[in-house]
2 protein chains.
Amino acid sequence: MQEEILRMLRESKTYVSGEQLSKQLGVSRSAVWKAINGLRQEGYVIESSTNKGYHLEQVPDIVTACEIKNGLTTHSMGQHVVSMEEVDSTNEEAKRQGGAGAPDGSLFLAERQSSGKGRLGRSWSSLPGEGIWMSVLLRPDITPYEVAKITLIAGLAVCRALRSASGVDARIKWPNDIVVGGKKLVGILTEMAAESDRINYVVTGIGINVNQKQFPEEISAKATSLYLETKTPWARAPLVRSVLCELEDFYDRFITEASFDLLIPYKELCVSLGRQVSVQRGDQTITGTAVDINSKGELVIQTKEGNLFPINSGEVAVQGIYGA
Amino acid sequence: MQEEILRMLRESKTYVSGEQLSKQLGVSRSAVWKAINGLRQEGYVIESSTNKGYHLEQVPDIVTACEIKNGLTTHSMGQHVVSMEEVDSTNEEAKRQGGAGAPDGSLFLAERQSSGKGRLGRSWSSLPGEGIWMSVLLRPDITPYEVAKITLIAGLAVCRALRSASGVDARIKWPNDIVVGGKKLVGILTEMAAESDRINYVVTGIGINVNQKQFPEEISAKATSLYLETKTPWARAPLVRSVLCELEDFYDRFITEASFDLLIPYKELCVSLGRQVSVQRGDQTITGTAVDINSKGELVIQTKEGNLFPINSGEVAVQGIYGA
C-alpha cells in the first residue's frame, strides 16, 4: 500500500487529501496515516496540512524496489528487484537466488556489503549510502566461453550510462573497470554457474562509487567517485535505471542480433588501447602496447619485438591508470 | 578408532586378540568390542573366537571414506572423502562445499541421491547400493573455456578405468557418456563456478551403473550396468579407486604438460567418430558424419554436401547408440 500511496503522491502536483487516498485504496484513514509514516521513516519528506492533506516534498536517495521501478522502461532487467539493507555481497545473494530459480534480469541491491568482492578473489570496500552495489542475474543461452563477452557488455553499458547520466569522461579499462582520469569509478565482477557447454546463470556485480567525498588513504590515489569528479551529489536510483537500460539494450542485441559487433562501440571507449601495458603470464611478464581487442574479446599486446600476445585473463597494468 | 582396528584386522592373516588390539590402541577391551560391533553394523563380517580373538572374514560393498582410502595411491584425488547415506545430489553437495573452501581433489559419494542430476538439466535415477554416485571437486588454474577439456578428460578417465577394471568394451559417446554396445553405462555432469576469466571450482559428477540387474521399462533399452554386461556383481570401492587414479593421471598431465595431447587417447575410444549423427542447432537439425574432434574439443560434423560444422554443446544423436 505504501507503494500505491507513493505513486499517487508522486502523480499529484498539489496536496492529496487523506480522504481521497483512503477512498481510492479502499482502506481506513488510519491505515493511510500509518503508511504515510512508514514512508517518512524510509526518508520521504511528506508535508501534511489539516485542510489540504499530504504533499510529497522530497524523495530520499534510497535504492528500494519502489524507487528503482519508478520510471524504469526496461522489459526484463530490474523487473524483479531485491533491495537489502545489508548483505554479505550482492553477487553472493544473486547466486543463491539464481540457484533457487530467480528470473532472468533479477536485480539485487544493498546499502551495505559486509564482504563485498572484487575480481580475482579480492575484497571491495562498500560504505553505506555512498555507492551503488548491485548485481544483475542473467540466464543467457550461450556457452561458458561467451561469458567473456558479457563481461565486455557490462563494462560498455555501465560506461555509457555514467557518461550520459553524469557527463563524466568515463572510459573502460579492459576488460571492465570504469575509470575517469586514471582513477577507478566502477568495478565489475562477472561470475557464472555453468555446465561445460551450457550456462545455468551469470551474475554481473557492479560497484559504482557515487557520493564518496574521500577514500581511505591506501586507495585514494587510485579511486574516484561521481561526487569527486563533478562536485555534486547524485541520486542513485536514476543512475541504476540508466545502467539497467544500457545493459538491457546491449545484452538484447548480443543475444538476438547475429550481426551485432560489440567491439565497435567498446573499442571507442576503451582506454587501454594504444597504451603501454604489462601482464603476468606464469613466471613471465609480457610488456608492450595494447594494439587491439580481437573477436574473442581478448586484449592483444604487441611487444617491442613485434610479437602479438592475446590476453584472455588476469590483471593488466596500463600506463597512466591506477598510478602505473 | 574403527578405522585403526579395521586396518589391523586387514593386515593380519590370522586372528588378532582383543588384548592385542586394546594394547596397541591404548584403549579398554570394552572400547575394542564396541568398535568391532560398529564395524559389524556397517556390514563387515568379523569372526570372533574366545581364545583367538577377531578375524575379518568379509568386507561389505560400501563406499565409505575408509573403504575408498584403503589402497588408494593418488596424491590428491580422493584424499578428502565425504561419504553420505543420502544427499540431494553429490554435485550439489560438492558445489556447496566447493563454495565453502573444500580442497582440490575432494571426493563426494552417496548411497542414494534424492534428486540426482544429468546433463542439460535432466534428472538421473540413482538407486541405493546399485551404482556409484560420486563427484570430484577440482580447482584448476584455467579459464572457463578450457573446462570443456575437463569434460573430455573425465570421460576418457572413467572409460579407461572401467575397461581395465572390468574388461567391458566401454566406449565414449562425445563428449562424455560411457556406453557399452549402444547402451549407457556411465553419465558424467561437469559443472563450474567461475568468473569470466578464472575458475573458482569445477565439479565432475560421475554416475556409474554397477550392480543393477534391471532398469525401469522406459530406459531399459538404453541403459546397462557392469552386472548386466559381465553377469557378475562388482565391489564399488575398487572401481572408485580406479576412476580416481585414471582421472588424476590425465588431469595432472593436462594441467602440467604443455605438449600433452588428450585427443590422441580420447579419439581411440570415441564411438561417435565415423558414425551418422544429428544435432539440433536452434531451429535447424544438422545431420552428417562425425569426422573429427578438433583442438577445442568440438565434435566436427560433415554434412553430405561436404560442409563442416564444429559442435561445442548440446545433445548429439549417434546412429546405433541409445536406439538412434
Side-chain angles (χ1 to χ4, degrees), chain A residues 88-89 91-92 95-96 98-101 117-122 138-139 141-155 174-176 188-205 256 258 279 281-282 296-299 310-316, chain B residues 88-89 91-92 95-96 98-101 117-122 138-139 141-155 174-176 188-205 256 258 279 281-282 296-299 310-316:
Chain A
D88 48 354
S89 122
N91 263 28
E92 290 301 313
K95 290 193 286 181
R96 285 188 289 266
K117 301 196 308 174
R119 282 180 64 226
L120 310 169
R122 293 173 188 150
L138 303 172
R139 297 187 179 280
D141 183 16
I142 61 175
T143 63
Y145 178 45
E146 295 171 287
V147 169
K149 295 274 175 66
I150 293 196
T151 298
L152 301 186
I153 285 171
W174 182 92
N176 65 6
I188 299 179
L189 170 63
T190 301
E191 298 186 89
M192 71 177 107
E195 296 177 25
S196 56
D197 57 358
R198 170 180 173 269
I199 296 289
N200 184 1
Y201 57 79
V202 171
V203 166
T204 293
T256 60
V279 64
R281 283 292 87 147
K296 293 179 184 169
E298 298 166 337
L299 186 71
I311 302 295
N312 63 12
S313 69
E315 190 63 20
V316 177
Chain B
D88 48 353
S89 124
N91 263 29
E92 290 301 313
K95 290 193 286 182
R96 286 188 288 267
K117 300 196 308 173
R119 282 180 64 226
L120 309 169
R122 293 174 187 147
L138 303 171
R139 298 188 179 278
D141 184 16
I142 61 175
T143 64
Y145 178 45
E146 295 171 286
V147 169
K149 295 275 175 66
I150 293 196
T151 298
L152 302 187
I153 285 171
W174 181 92
N176 65 6
I188 299 179
L189 170 63
T190 302
E191 298 186 88
M192 71 177 106
E195 296 176 24
S196 55
D197 58 358
R198 170 181 174 268
I199 296 289
N200 184 1
Y201 57 80
V202 170
V203 166
T204 292
T256 59
V279 64
R281 282 292 88 146
K296 294 178 184 169
E298 297 166 336
L299 186 70
I311 302 294
N312 62 13
S313 68
E315 190 62 20
V316 177

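Keep in mind that what you see is a predicted model, and the values were worked out from it rather than measured. Chain letters run A, B, ... following the sequence lines, proteins first, then strands; residues in each count from 1.
Separating the CD atom in A/E298 from the OG1 atom in B/T143 is a distance of 8.5 Å, to the nearest 0.5 Å. We find the CD-CE distance between B/E191 and A/M192 to be 13.0 Å, quoted to the nearest 0.5 Å. The distance from the CG atom of A/D197 to the CD1 atom of B/I311 is 11.5 Å, given to the nearest 0.5 Å. Interatomic distance, B/E195 CD to A/I188 CD1, rounded to the nearest 0.5 Å: 13.0 Å.
Listed here is the closest heavy atom pair of B/S196 and A/A148: CB-CA, 4.1 Å.
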